[in-house]
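What follows is one structure encoded as structure tokens, with my remarks underneath.
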Amino acid sequence: MKKEWIINDNSLDAKDLLKNESIFNVANGYIGVRGNFEEKYPDGFYTVRGTYINAFYETVPISYGEKAYAFPGTMQKIVNVTDAQDINIIIDGEKFSLFEGRIKDFKRYLNMESGYYRREIWWISPKGKEIKIKITRIASLSELELFAIYYEIERLNFNGEIVIESEVNGEVKNYTNDSDPRVSAAHANILNVKSVVLEGDILQVESQTQNSKEIVSTTVKHCCSVNYDLTIEKNLKSIKAIYRLESSNKLIQFTKYVVYTDSRRHKEPSNCGFDIVEKVSKKTFDELIQDQHEYLKEFWNVADISIEGDEKLQQGLRYNLYQLLQSVGKDPLSNITAKGLSGEGYEGHYFWDTEIYILPFFILCHPKLAKNLLKYRYTILDSARKRARELGHKKGAAFAWRTITGEECSSYFPAGTAQYHINADIAYSYIQYYLVTEDMDFIKEFGAEVIFETARIWIQIGHFDKGLFKIDAVTGPDEYTAIVNNNYYTNVMAKYNLKWAAKLYDLLNQKDKEFLKSLCEKIDLNNEEIQLFRCAYKNMYLPYSEEYKINVQDDSFLSKALWDFKNTPKEKYPLLLHYHPLTIYRYQVLKQADTVLAHFLVEDETDFQTIKNSYDYYEKITTHDSSLSCAVYSIMASKVGYTEKAYNYFIDTARLDLDDTHGNTKDGIHTANMGGTWMSIVYGFAGLRIKESYISLSPRLPDKWKELKFKFLYRGAIIQVDMKKDKTIVGVQPKEPIKLKIYNELYTFENSKVMEIMLR
Ligand code: BGC
């Protein structure tokens, strides 16, 4: 077992256990199970026992004191589904628990190379019975419906009876907390058990959500290596299989195959569950692990980044990439939630996090999965059109700020619906995908319509004022400043959206007139409207301060008072939990990167000096209360030459969840930050940028590291970058000529080539 692929934490402290439920979640993009103990903790220990299915949701009413026009009336939330984690081992009448008897040895770890999570225990019961237990779990990456638990029990000093009790429990609740807006405040009981069934040796619990009427079936089969006597206990909500093991064999192997099927993906979830469980249980647990290993081998082949000179950061980095793979939806119905499938924070919603923070990694390392994420937006385009009408826009699509199936789920519009920038973020990610892959077929099928429909909204929420195109009453990414005129980020991203809509129109006009014609007919788009797009983007107003020589976050930003950071004690952060929003809105104080992020995404809009000035100005007033902030500051610190800062921000992102630096990892991991960690390396230290006809690199290796190696895919070729202290080695195997700018020199790679470039 290679240390650099392992995450371990053996603490049995109650607080660590709760955090580690998120850290040790096993997921595969479809199902996710928190790292709870099968046998549970003692009474009094706090736990969030959870299993989630990506995009499986309940609809709940939103209650407002004062409800205004077009406020969403309902919202969706991810459901904590049937609990199949329960397994108890009873040794000669004594129940195994890590909190009783004596532990001679205990290890708890995640293996990111082979895709499993394990607990290894050497335990002496209160009456002196000694056993070794190894418990391994996987959420299968190749059989998405399968979650499996494997027990290996070794008797060391006794021959008596061992009983294994394995339960499927339909009596589950969602987690609520009414003092943290990042967690749901109500609606804990949303899943009702419909039936509990035993068929042969297969157990099944079928449940249904109260309002959305979605069905989830949990089908379980066991496999035991020794003879047993089986009894079943069943009630209206749960079913338990009790295995009395007859043999006095030293070694016992027991596998629990758990198959989740749901009505959003499976026509008849319960019937399907039986078929799938029969199929997957033909494989031994060893074979399932082998499959995990194979899948991951392929994934890591491109995705892995190796850092020489810092074990802890290396570990954090790999963990974050592993979690991205675990969390990403593998079908176009699902996306990647803010917390992956590891917890209920942000209620399983998808945000702009995907497009701006996570898609870059998938586009450049796993385009197949990137396509799913992009397709998802296409599948909810009709809902975005509907939302646009509700908001009073006659044409186009307005994507929801937070959602599962497309409907707006944000009840706080100043930091929700007002974040119109999500429209531009989505368009941006399609364009980035196109620039990296040149996959015009995909853009035609799923992208063009989104790019045109999102662009249309800017024309309607913006207006010409003395020849300049301005956009009023929006909120930018910084949620500590709301409903402002001309947020620089929004305007510059809208400009990009409009510019590309016009460009794509021209491109399609050249490449596929027929297609363009039918699309224009479908969405009633014409050349005149495209002209308007051109006029708006060419005259887009981008606020700038002569006094500070910076791009200003919005029209009123600089006239506000500065937040009194000196007299704000540490315990008052994050500010959102301690101050009324209006207090925060009155000051120059940022939750997260805003203008600085815009300078990264569309750097060619601004000269280097302005970018640097902006960095200096905004950094001082940014709290980084959002986990989406540090990575951007790391990337931009690299860009403006602050190498130490770049490194320190990188540390913050790489270990944010492992070290629980935001104090809320218990509610789930922070997936946007995880994508940001990858970006801090590839866009930050290596300085990668995707330009229209080439890519560029400006490597800057942090002083503390000896070497940094990574790969990415560009136009069908694998590009390998190996950054050392004095030089960078770039290896390219192009399928077609590739233009790569390194520092300021443009090279064309036509054949496989390895180049050494001395560090600047
Ligand atoms: C951030 C948003 C983000 C959301 C979900 C909030 O705290 O301010 O930008 O989309 O978290 O991650």
Side-chain angles (χ1 to χ4, degrees), residues 22 75-78 180-184 320 323-324 327-328 335-359 373 377 399-404 408-426 428-429 474-483 487 489-490 493 553 573-579 581 584-585 589-598 600-601 618 622-633 652-653 656-657 661-665 667-677 679:
S22 297
M75 65 98 114
Q76 304 161 339
K77 66 185 278 173
I78 200 161
D180 188 340
R182 298 164 298 184
V183 177
S184 172
N320 290 358
Q323 284 297 345
L324 286 179
S327 310
V328 64
N335 201 272
I336 183 162
T337 88
K339 302 285 177 184
L341 295 167
S342 70
E344 294 171 37
Y346 288 122
E347 290 156 287
H349 292 162
Y350 314 128
F351 294 74
W352 71 308
D353 304 30
T354 303
E355 278 72 21
I356 298 302
Y357 289 83
I358 297 167
L359 259 164
L373 293 172
R377 291 295 184 186
F399 281 95
W401 174 242
R402 49 191 290 179
T403 189
I404 294 179
E408 179 60 273
C409 293
S410 169
S411 54
Y412 184 61
F413 76 91
T417 303
Q419 294 201 53
Y420 271 93
H421 66 84
I422 190 170
N423 252 24
D425 304 330
I426 291 169
Y428 181 90
S429 65
V474 297
T475 298
D478 163 32
E479 295 183 351
Y480 284 175
T481 309
I483 318 201
N487 165 253
Y489 178 95
T490 306
M493 291 293 283
Q553 189 167 311
Y573 293 93
L575 301 182
L576 68 105
L577 294 186
H578 304 277
Y579 299 88
I584 299 175
Y585 295 166
V589 57
L590 274 69
K591 184 180 182 190
Q592 64 206 94
D594 193 298
T595 310
V596 171
L597 173 58
F600 159 59
L601 296 174
Y618 294 108
T622 304
T623 58
H624 308 294
D625 279 353
S626 158
S627 67
L628 277 65
S629 198
C630 285
V632 179
Y633 274 91
D652 288 342
T653 100
L656 190 146
D657 282 308
T661 55
H662 279 231
N664 64 350
T665 295
D667 299 326
I669 53 166
H670 299 74
T671 53
N673 169 69
M674 291 172 158
T677 305
M679 284 162 57

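Counting from 1, the numbers follow the sequence of the chain as shown. Whatever order the structure lists them in is the order used to number ligands and atoms, beginning at 1.
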Checklist outcome for this item: Among non-hydrogen protein atoms, atom 8 (O) of ligand 1 lies closest to Gln592 OE1, 2.6 Å
Next on the checklist: Measuring only between side-chain heavy atoms, which start at C-beta, is Asn487 closer than 4.5 Å to Thr475?
Outcome noted: no
Checklist outcome for this item: Among non-hydrogen protein atoms, atom 3 (C) of ligand 1 lies closest to Asp353 OD1, 3.5 Å
Next on the checklist: If the cut-off is 4.0 Å to any non-hydrogen atom of Lys591, which atoms of ligand 1 fall inside it?
Outcome noted: 1 (C), 6 (C), 7 (O), 8 (O)
Checklist entry - Quick one: which ligand 1 atoms are inside 4.0 Å of a heavy atom on Trp352? => result 2 (C), 3 (C), 9 (O), 10 (O)
Checklist entry - Does one side chain, of Tyr480 or Asp625, offer a donor that lies under 3.5 Å from an acceptor on the other? => result yes
Checklist entry - What part of Tyr357, side chain, backbone, both or neither, has a heavy atom within less than 4.0 angstrom of ligand 1? => result neither
Next on the checklist: Is there a side-chain contact between Tyr357 and Val632 in this structure, where contact means two heavy atoms from C-beta onward sitting under 4.5 Å apart?
Outcome noted: yes
Next on the checklist: Please list the nearest protein heavy atom to atom 2 (C) of ligand 1 with its residue and the distance rounded to 0.1 Å.
Outcome noted: Glu479 OE2, 3.5 Å
Checklist entry - Looking at Leu628, which atoms of ligand 1 are within less than 4.0 Å of one of its heavy atoms? => result 3 (C), 9 (O), 12 (O)
Item to check | Close-contact set for ligand 1 against Trp401 heavy atoms, below 4.0 Å | outcome: 10 (O)
Next on the checklist: I'd like to know if the side chain of Ser22 pairs up with that of Ser342 as donor and acceptor (distance under 3.5 Å, no hydrogens or angles considered).
Outcome noted: no
Checklist entry - Do His349 and Ile404 touch side chain to side chain, with heavy atoms closer than 4.5 Å? => result yes
Next on the checklist: Less than 3.5 Å apart, any donor N or O on the side chain of Thr622 or Tyr633 sitting next to an acceptor on the other?
Outcome noted: yes
Checklist entry - Would you say Ile356 and Leu628 make side-chain contact, with heavy atoms under 4.5 Å? => result no
Checklist outcome for this item: In this structure, atom 11 (O) of ligand 1 is nearest to the protein heavy atom Tyr346 OH, 3.2 Å
